[in-house]
There are 2 protein chains.
Amino acid sequence: MTAGPATVSTGGQEDTRTRLLGTALRLFTEHGVEGTSLQMIADALGVTKAAVYYHFKTKNEIAEAVAEPGLKELNEVVEEATRQRRRGQQVDHLLTGFVDVVVHHRALIALFNRDHGVLRSVTKSWAGEENFGERILEILIGPDGDVNRAVAAHAAIAGIALTGGAPEFAELDDDTLREHLLDVGRKLLGRPRRVS
Amino acid sequence: MTAGPATVSTGGQEDTRTRLLGTALRLFTEHGVEGTSLQMIADALGVTKAAVYYHFKTKNEIAEAVAEPGLKELNEVVEEATRQRRRGQQVDHLLTGFVDVVVHHRALIALFNRDHGVLRSVTKSWAGEENFGERILEILIGPDGDVNRAVAAHAAIAGIALTGGAPEFAELDDDTLREHLLDVGRKLLGRPRRVS
DNA sequence: GTCTATAGCCTGATAGAC
DNA sequence: GTCTATCAGGCTATAGAC
């Protein structure tokens, strides 16, 4: 929010682009991604479809750009978790970090749960970073993990992401939702509750 | 499978319809629902688009018809669970029944995970039966369930469905997958392992 | 660099002829 | 019952004005 252009060397170029992403997010939230046409975005901006096409070559590029903040945060969480020494710390860091990202960007997640399904948009590959969804599962499962552990890890990621974006819990405040989602992860991954 | 027409009083009418559903399922599995056009279905059948429209008024009707066997089974599970006397029995019956349906129809579930997300196609309303996804959650949560229980139940349904349809576990045999998915549900819902 | 105008091709969907 | 012809609307693409 507050996309202040400040004094960027690129000048007003970012202006239309960010304005476009803003209204795109608004329309996506309102009508879903598939339910939002480029025409609607163009009309809301007061420009033509071709003007939209100039900034983003495809509709998917717009969706990716909208999702980027959340994916970027999640990527940082994964990298931080990888740098942890002990395996228990890796799992705990990843779990809490994942839940934080989900809670923080739950509006975004609710959006992508509508059209794609989470495993496709969150767990799959991201622009640049090769499939970092697998990296998340690798850390959670561990080197000596069996099938049971793999199923549990998979269910944890899917359950947390889908539940975090569920409209039923949209009114819950961040802290409460985070605590309950953490509980889901801890039950499935067998991590004890941290002393606070 | 083995859609034997047998001797139906309606004559050869069912023939084209079932043939259509068969190829539709095949194409859906291959390219996803959104990725399959009516043109592709018509071409694969050797007919025109309008011929397809004669049997199904809309593309969604085809998808619903393809998903119907699984939804029908799930509905029976819910009704059976409702008839159970004690609440623990209701939860156990629903959990095992849900896992059974997921495992049995995992190809179908994998299909709908791709385009909709499970909570939209499995948990939402079904032709005729009003939103029976809520009925599932009601039973799992129970009359005196708090928010923590609601989040756990939601995560259990989502986690089981998405994990059951995940391609990573497609090669697993039914019994193994069922056991691990049951474990997920038991951990989240706090049900002890049944003595076998 | 930024946008308008226009067009191509495909989709789901309808109306009406055999 | 089945198909031809046709429609409005979607995304993608190019040409050219400022």
Side-chain angles (χ1 to χ4, degrees), chain A residues 3 5-67 111-112 114-116 120-121 127, chain B residues 5 8-28 30-67 111-112 114-116 120-121 127:
Chain A
T7 46
V8 195
S9 56
T10 48
Q13 175 189 350
E14 287 263 27
D15 203 349
T16 318
R17 204 190 126 100
T18 51
R19 210 160 61 94
L20 199 159
L21 286 180
T23 58
L25 174 57
R26 182 169 56 82
L27 290 175
F28 283 172
T29 308
E30 204 162 341
H31 309 101
V33 177
E34 303 279 333
T36 304
S37 69
L38 295 185
Q39 191 67 257
M40 293 164 72
I41 300 179
D43 288 350
L45 276 162
V47 295
T48 43
K49 264 194 306 181
V52 175
Y53 183 77
Y54 171 74
H55 291 281
F56 299 95
K57 291 306 168 199
T58 169
K59 191 182 177 182
N60 225 345
E61 268 187 29
I62 303 180
E64 286 175 9
V66 165
L111 204 169
F112 284 99
R114 231 176 112 158
D115 297 295
H116 289 107
R120 197 62 184 293
S121 70
Chain B
V8 196
S9 57
T10 48
Q13 176 189 351
E14 287 264 27
D15 204 350
T16 320
R17 202 191 128 100
T18 51
R19 212 162 58 93
L20 199 160
L21 285 180
T23 58
L25 175 57
R26 184 170 54 82
L27 290 175
F28 283 173
E30 204 162 341
H31 308 101
V33 178
E34 303 279 334
T36 303
S37 68
L38 295 184
Q39 191 67 256
M40 294 164 72
I41 300 178
D43 288 349
L45 276 163
V47 296
T48 43
K49 265 194 305 181
V52 175
Y53 264 101
Y54 171 74
H55 293 281
F56 299 94
K57 292 304 167 202
T58 168
K59 190 182 178 184
N60 227 345
E61 267 189 28
I62 302 180
E64 285 174 10
V66 166
L111 204 170
F112 284 98
R114 234 176 110 159
D115 297 293
H116 290 107
R120 197 62 185 292
S121 69

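So that the names make sense, note that chain A is the first sequence line, chain B the second, and so on, each numbered from 1. In this text, all values refer to a predicted model and were calculated from it rather than measured experimentally.
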Does A:His55 place a side-chain N or O at less than 4.0 Å from the phosphate oxygens OP1/OP2 of C:dC3? yes

Counting only pairs under 3.5 Å, give me each side-chain donor-acceptor contact of residues 25-33 of chain A, with atom names and distances, residues two or more places apart or in other chains.
| residue | atom | partner | partner atom | Å |
| --- | --- | --- | --- | --- |
| A:Thr29 | OG1 | A:Leu25 | O | 2.6 |

If you measure from CD1 on A:Ile41 to NE2 on A:His55, what distance do you get to the nearest 0.5 Å? 12.5 Å

Without decimals, in angstroms, what is the distance between A:Phe56 CZ and C:dC3 C1'? 15 Å

OG1-CD distance between B:Thr58 and B:Glu64, expressed to the nearest 0.5 angstrom: 8.5 Å

How many Å lie between NE2 on B:His31 and C1' on C:dT11, as a whole number? 16 Å

For A:Asp43 and D:dG10, give me the distance from atom CG to atom C1', rounded to whole Å. 13 Å

When you compare the side chain of A:Tyr53 with that of A:Leu38, does any pair of heavy atoms fall below 4.5 Å? no

Under 4.0 Å between a side-chain N/O of B:Thr48 and OP1 or OP2 of D:dT2, yes or no? no

I want to check one thing: is the phosphate of C:dT2, taken as OP1 and OP2, less than 4.0 Å away from some side-chain N or O of A:Tyr54? yes

Shortest non-hydrogen contact from A:Phe112 toward A:Ala63: CZ-O, 3.5 Å

Check side chain to side chain contact (heavy atoms under 4.5 Å, CB included) between A:Phe56 and all other residues, then give those that pass, not counting sequence neighbours. A:Arg17, A:Leu20, A:Leu21, A:Glu61, A:Ile62, A:Ala65

Interatomic distance where CD1 belongs to B:Ile62 and P belongs to C:dG12 [whole Å]: 9 Å

Walk along nucleotides 11-18 of chain D from 5' to 3' and tag each nucleotide B, S or - by protein heavy-atom contact under 4.0 Å, base first, then sugar-phosphate. BBBB----

